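If you're wondering where the values come from, they're calculated on a predicted model, not measured in any experiment.
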Amino acid sequence: ECSYDAFVIFSSYDEAWVMNELMENLENGVPPIHLCLHMRDFQAGKSIASNIIDEGIMGSRKVIVVVSQHFIDSAWCRFEFELAQSRFVMERNANIIIIILEDVEERKTKKVFGLHKHLKRNTYLKWSRDPLSNMRFWIRLRKA
């Protein structure tokens with residue numbers, strides 16, 4: 001049984017967006033969607049890798065991946081994404097939700113194992129500052 005609705009994989013550089021937008025909208029929305037966020041939910045004294053696997057990936061029904069330039073450059077993000085893929089490979093990645101926070105060149109998405117293929121094969125959500133697109137974004141994310 002999962003303790004969380006979704007584990008969020010993101011670069012620490014995108015933490016402000018995750019806290020102010022994602023957490024704000026999902027956890028305080030109706031119904032509330034309970035996120036697993038490493039800075040808040042990981043157990044102290046436990047190795048980062050164990051926390052990622054136990055709390056994050058195995059402890060959550062879905063995984064939300066926040067893709068940005070920082071995400072691509074982060075070895076931890078790439079590691080978490082690979083672990084998430086290996087868990088959901090049997091379920092055909094239906095449980096990985098990708099949010100494109102900012103445009104990233106296609107050749108750069110190829111640096112992250114499986115990301116480029118995932119983006120080609122699956123629908124993903126794109127963040128926008130435009131209020132109308134924004135409203136659609138939250139509706140689509142909640143549905144996913």
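Once rounded to the nearest 0.5 Å, the distance linking CG of L125 with CZ of R136 reads 11.5 Å. The NZ atom of K117 sits 11.0 Å away from the NZ atom of K110 when rounded to the nearest 0.5 Å. The distance from atom CG of N95 to atom CZ of R87, rounded to the nearest 0.5 Å, is 7.0 Å. To the nearest 0.5 Å, atoms CD (E82) and CD1 (I57) are separated by 10.5 Å.
Hydrophobic clustering places I48 together with V65 (ILVMFWY residues linked when any side-chain heavy atoms are closer than 4.5 Å, directly or through intermediates). Follow the hydrophobic side-chain contacts under 4.5 Å out from Y4 and you never reach L141; the two are in separate clusters. Cluster annotation: I9 and I100 are assigned to the same hydrophobic cluster (Ile/Leu/Val/Met/Phe/Trp/Tyr, side-chain heavy-atom contacts under 4.5 Å, transitive). Y13 and L37 are members of different hydrophobic clusters when ILVMFWY side chains are connected at heavy-atom separations under 4.5 Å. Linking Ile, Leu, Val, Met, Phe, Trp and Tyr whenever their side-chain heavy atoms come within less than 4.5 Å puts L115 and F79 in one cluster.
Between F10 and E15 the shortest side-chain heavy-atom distance falls below 4.5 Å. Between D5 and L26 the shortest side-chain heavy-atom distance does not fall below 4.5 Å. Proximity of L101 to V67: side-chain heavy atoms (C-beta onward) are nowhere separated by under 4.5 Å. Considering only heavy atoms from C-beta on, I99 comes within 4.5 Å of I64 through its side chain. A heavy-atom distance below 4.5 Å is found between the side chains of F81 and I98. Residues C36 and F42 have side chains in contact (heavy-atom distance under 4.5 Å, counting atoms from C-beta outward). Contact of the S12 side chain with the M39 side chain is not registered, since no non-hydrogen atoms from C-beta on lie closer than 4.5 Å. F71 places none of its side-chain heavy atoms less than 4.5 Å from the side chain of V66.
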Would you check, one step at a time, whether the test side-chain hydrogen bond (donor to acceptor under 3.5 Å, both in side chains) holds for N51 with E55? CA-CA 5 Å; N51 263 315; E55 301 303 308; over 6 Å; no
Take S128 and N134 through the side-chain hydrogen bond (donor to acceptor under 3.5 Å, both in side chains) test and state the conclusion after the steps. CA-CA 6 Å; S128 154; N134 227 329; 6.0 Å; no
Working for salt bridge (charged side-chain N to carboxylate O under 4.0 Å, His left out), residues K108 and D73: CA-CA 9 Å; K108 294 207 168 135; D73 296 336; over 6 Å; no
side-chain hydrogen bond (donor to acceptor under 3.5 Å, both in side chains) assessment of H116 paired with T109: CA-CA 5 Å; H116 182 71; T109 64; 3.1 Å; yes
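For S50 (side chain) and K46 (main-chain N/O), no donor-acceptor pair under 3.5 Å exists by modelled atom type.
Classified by interplanar angle (parallel below 30°, tilted 30° to 60°, perpendicular above 60°), the ring pair W138/W127 is perpendicular.
Pairing each heavy atom of S60 with each of G56, the nearest pair is OG-O, 2.7 Å. Across I33 and E27, no two heavy atoms sit closer than the pair O-CG, 3.1 Å.
In this structure, the ring of F7 has its center no less than 6.0 angstrom from the ring center of H38.
Here E106 does not pair with K111 in a salt bridge; the nearest charged N to carboxylate O distance is not below 4.0 Å. Between K126 and D103, at least one side-chain N (NZ, or NE/NH1/NH2) sits under 4.0 Å from a carboxylate O, which counts as a salt bridge.
Cluster partners of L132, using a side-chain heavy-atom cutoff of under 4.5 Å among ILVMFWY residues and allowing indirect links, are M135.
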